[in-house]
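Below is one structure, written out as structure tokens, with a few remarks after it.
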Amino acid sequence: MDEGLLLGLERRLAEAKGTQLLVLHQLGNHGPSYFRRYPPAFARFQPACQSDELRNCSREEIANAYDNALLYTDHLLARLIQRLQAKAAQVDTALVYVSDHGESLGESSLFLHGMPYAIAPAVQTQVPMVMWFSPGWQPARGLDADCLRKRASQPTAHDHLFHSLMGLLDVRSAAYAPEYDLTRACLRQPS
Ligand SMILES: [Zn+2]
């Protein structure tokens, strides 16, 4: 289960020195076996597909299993933020969460993901993104949270991820393109 990603996190935070990037690569909602992605306590939406073969299930059962897996991702993010909050007096942290792709659950008889981008339906290409900052991060970096909230209503793409992480980590190289850094326009004194 994805919660295994949190193992050792407390120790890493306790021992953190300088600037660090920690990558937690979730299995997330990868199909077709959505029912294998969450523990029984998260099986809230029923009936949920319990087969590795989507053709054995109805669209409702597939969507329910997928939604249960989403609930578990919500839980994982909440647990992660709780851990970061618990260490907020010692470590300033920024959390960036983004999915790599969406998923078709039977709309237009399409399932899973991986259609060529040009013809892929929006459910495969439009994904959630979340940013969270510990209370100490914002004043330390001069980050204006209201400004960032406004930015969140505008379109963003995976193209922004690399440059935004460089911005958050205050790393600069010839590869850094400030116009793709999501937080830069919301810093009081951009470096
Ligand atoms: Zn993927």
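Since we're looking at a predicted model, the values are computed, not measured. These values consider heavy atoms only, across backbone and side chains, with no hydrogens, waters or symmetry-generated copies.
- Taking the ring axis of Y176 as reference, the NZ or CZ atom of R172 stays within 45° of it and closer than 6.0 Å to the ring centre.
- Between A69 and R37 the shortest heavy-atom distance is CB-CB, 4.1 Å.
- A continuous path of Ile, Leu, Val, Met, Phe, Trp and Tyr side chains, each step under 4.5 Å between heavy atoms, connects L6 with I81, placing both in one hydrophobic cluster.
- The side-chain heavy atoms of D144 and Q138, taken from C-beta on, include no pair separated by under 4.5 Å.
- Side-chain contact between V98 and H158: present, with at least one pair of heavy atoms (C-beta onward) separated by less than 4.5 Å.
- In terms of modelled atom types and a separation under 3.5 Å, the side chain of H75 and the main chain of E3 share no donor-acceptor contact.
- Residue M115 belongs to a hydrophobic cluster whose other members are L110, I119, with links defined by side-chain heavy atoms closer than 4.5 Å.
- Going from atom CG of D52 over to atom OG of S33 covers 3.5 Å, rounded to the nearest 0.5 Å.
- Within the 3.5 Å criterion, the main-chain N or O of R44 finds a donor-acceptor partner in the side chain of N68.
- A43 approaches Q46 most closely through the heavy-atom pair O-NE2, 3.0 Å.
- Taking the side chain as every heavy atom from C-beta outward, P32 and E53 never approach each other to under 4.5 Å.
- You'll find the side chain of V96 reaches within 4.5 Å of the side chain of L161, heavy atoms only.
- Between Q85 and S134 there is no side-chain heavy-atom pair separated by less than 4.5 Å.
- The two residues A16 and V91 have their closest heavy-atom pair at CB-CG1, 4.4 Å.
- Sorted by first and then second residue, the pairs that involve residues 17-30 and meet side chain to side chain donor-acceptor pair (under 3.5 Å), not counting sequence neighbours, are D2-Q26, Q26-T73, Q26-Y97, H30-H101.
- No side-chain heavy atom of D74 sits under 4.5 Å from any side-chain heavy atom of L70.
- Here the side chains of L22 and L9 are in contact, with some heavy-atom distance below 4.5 Å.
- Hydrophobic clustering (side-chain heavy atoms under 4.5 Å, transitive across Ile, Leu, Val, Met, Phe, Trp, Tyr) groups M166 together with V23.
- With a 4.5 Å cut-off on side-chain heavy atoms, T156 and M129 count as touching.
- Grouping the Ile, Leu, Val, Met, Phe, Trp and Tyr side chains by contacts below 4.5 angstrom, directly or via other members, places L168 apart from Y180.
- Side-chain contact of H113 with Q124: a donor-acceptor pair under 3.5 Å is absent, judged by distance alone.
- The distance from the CD atom of E61 to the OG atom of S51 is 9.5 Å, given to the nearest 0.5 Å.
- S104 contributes no side-chain N or O that, together with a main-chain N or O of E107, makes up a donor-acceptor pair within less than 3.5 Å.
- With hydrophobic clusters built from ILVMFWY side chains whose heavy atoms lie under 4.5 angstrom apart, L76 shares a cluster with L84.
- Taking Ile, Leu, Val, Met, Phe, Trp and Tyr as members and joining any whose side-chain heavy atoms lie under 4.5 Å apart, directly or through other members, the hydrophobic cluster of L71 also contains M1, F35, Y38, F42, F45, Y72.
- Looking at every heavy atom in both residues, C57 comes nearest to Q50 through SG-N, 4.1 Å.
- Using a 4.0 Å cut-off between a side-chain N of Lys or Arg and a carboxylate O of Asp or Glu, D92 and R141 do not qualify as a salt bridge.
- Taking the six-membered ring for Trp and thresholds of 30 and 60 degrees, Y66 and Y34 have ring planes more than 60 degrees apart, a perpendicular arrangement.
- In this structure, F111 is a member of the same hydrophobic cluster as L105, with clusters built from ILVMFWY side-chain heavy atoms closer than 4.5 Å.
- A donor-acceptor distance shorter than 3.5 angstrom exists from the side chain of N64 to the backbone of P47, with no hydrogens or angles considered.
- Panel note: side chain S164, backbone L182; a donor-acceptor pair is recorded below 3.5 Å.
- Of the possible polar contacts, none joining the Q154 side chain to the R151 backbone as a donor-acceptor pair under 3.5 Å is found.
- Here the rule is side chain to side chain contact (heavy atoms under 4.5 Å, CB included) with M131, and of L95, L143, T183 only T183 fits it.
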